[in-house]
Every structure is written in structure tokens, then in C-alpha cells.
Amino acid sequence: MMEDGNTPQTVASGDFLGVWTWNVQTEIVVACQDVCHYADIPSETGIHGVPTERFYAAIHPDDQAELSRRVDQTLRGNDAFSAEYRLTSVRYGTVLVRSTGRCFQDEAGRPTHISGYLSRIDGPEESRADDEAVLTKVTTHLTDARNAADKLSSPVLSRLISAVLLKAGFQLANLVRRN
């Protein structure tokens, strides 16, 4: 049993871990329970937002510079975000993850948020037989996150999650079409 009363899930390689959103202006990260567990952040804290440094503390020191470079690249106009790095935590040790998302901008074209999802991986990106199952899980979790965000007084988070949900839906449809 975890300190927050939740039992951690057993996650196989290639599995979806959860969703996250980073506010560019405030440098606050909001993440679901499972992402928080992999970053050694109590979920009751992470679902309300923590400083970026709290999440960076869980990233392997050798991977932090490359992750920062990819974030900067995304903020400078490449609205797609993808990075592979190692997370280190007390619960799970060191695991290789892939973070995939999208940068959102205000009407003036300034970045406001990067939202995405985190998956556990074993190595370089490759097509896996279980991609359809993983994407199905992603869309289910994103739908749940969007429904929860709809209850907030600010619609921005719900719209950001909806955009990521749409991208995941397109990927799932393309995968199903290929098979």
C-alpha cells in the first residue's frame, strides 16, 4: 500500500502510465496519480500541481539536459513534443519512459501549456503488438481526465486534454487501419 492509500499498478513495458500538463508561465506541472508515483510525488499533491523542479528531480541526471533541449525546441515552434528519458524513483527504481505531447499557444502565438502522456518503454521506439491496447488505455484515461477537468472552473485544462485525446484517437484509428 502506498503512503497515499493507493496500491501501485504493475506496469508492463510499453504501457501507458498517465497524463501530465505543464503550464509554461507558472512552471507548474499537474499530473495524474500514476505519473506522480513514478516521480515520487504524492498524488494528492501532483494532481493539484507542483513546481517543475519536483518532476525534474526524478529524471536521471544524465537525461535532464536532453529533455530540457527538447522542451525548448517545442516552445520555439515545434508544437509536437516527444522525449525518452529515465525516471528514478524509490518505488520503481530506474525506468525508461517516453513522454509524448503537444504545445498549446495563446492567440498571440505564445506557448501556454505542454500537455501529454507518459509511457514506460524498454528501448528505442518501435511498433509493438500491444500498441492498440496501450492506445485504448490512453484514450480511456484521457477521457476520464477530461471529464474530471470539466468540473473545474477554468475550461483550459479540459480543452488541453481534449486536444491530446484527439491526437491519441487519430493514432489509434491509424493503427487499427494498418491492422
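Arg76 meets the side-chain hydrogen bond (donor to acceptor under 3.5 Å, both in side chains) test with no other residue; sequence neighbours excluded.
Rounded to the nearest 0.5 Å, atoms CZ (Phe104) and OG1 (Thr112) are 8.0 Å apart. Note that SG of Cys103 and CD of Gln73 are 11.5 Å apart. Values are rounded to the nearest 0.5 Å. Put simply, NE2 on His48 and OG on Ser43 are 9.0 Å apart, with the number rounded to the nearest 0.5 Å. Interatomic distance, CD of Gln25 versus NE2 of His113, reported as 7.5 Å (0.5 Å rounding). If you take CD on Glu53 and CD on Glu27, they are separated by 6.5 Å, rounding to the nearest 0.5 Å. Separating the CD atom in Gln33 from the CD1 atom in Ile47 is a distance of 8.5 Å, to the nearest 0.5 Å.
In this structure the side chain of Leu118 reaches within 4.5 angstrom of the side chain of Leu87, judged on heavy atoms. No side-chain heavy atom of Arg70 sits under 4.5 Å from any side-chain heavy atom of Tyr85. Looking at heavy atoms from C-beta onward, Ile41 lies out of side-chain contact with Val35 at the 4.5 angstrom threshold. The side-chain heavy atoms of Ile161 and Val19, taken from C-beta on, include no pair separated by under 4.5 Å. Within the 4.5 Å cutoff, the side chain of His37 has no heavy atoms near those of the Leu17 side chain.
Side-chain atoms of Thr88 come within 3.5 Å of backbone N or O of Ala58 as a donor-acceptor pair.
Between Trp20 and Phe81, the ring planes are perpendicular. Angles over 60° get that label, and only those under 30° would be called parallel.
The shortest non-hydrogen separation linking Ala31 to Phe55 is CB-CZ, 3.7 Å. When all heavy atoms of Cys36 and Gly46 are compared, the closest pair comes out as SG-CA, 3.4 Å. Minimum heavy-atom separation, Leu67 to Ala83: CD1-CB, 3.6 Å. What you find for Arg54 and Pro42 is that their closest heavy atoms are NH2-CD, 3.7 Å. Listed here is the closest heavy atom pair of Gly18 and Cys32: CA-SG, 3.3 Å. The minimum heavy-atom distance linking Tyr38 with Ser89 is given by the pair O-CB, 3.4 Å.
Checked options Asp62, Val97, Ile59, Val95; the residue passing with Arg86 is Asp62 (criterion: side chain to side chain contact (heavy atoms under 4.5 Å, CB included)). The only member of Val30, Val71, Ile28 that meets side chain to side chain contact (heavy atoms under 4.5 Å, CB included) when paired with Trp22 is Val71.
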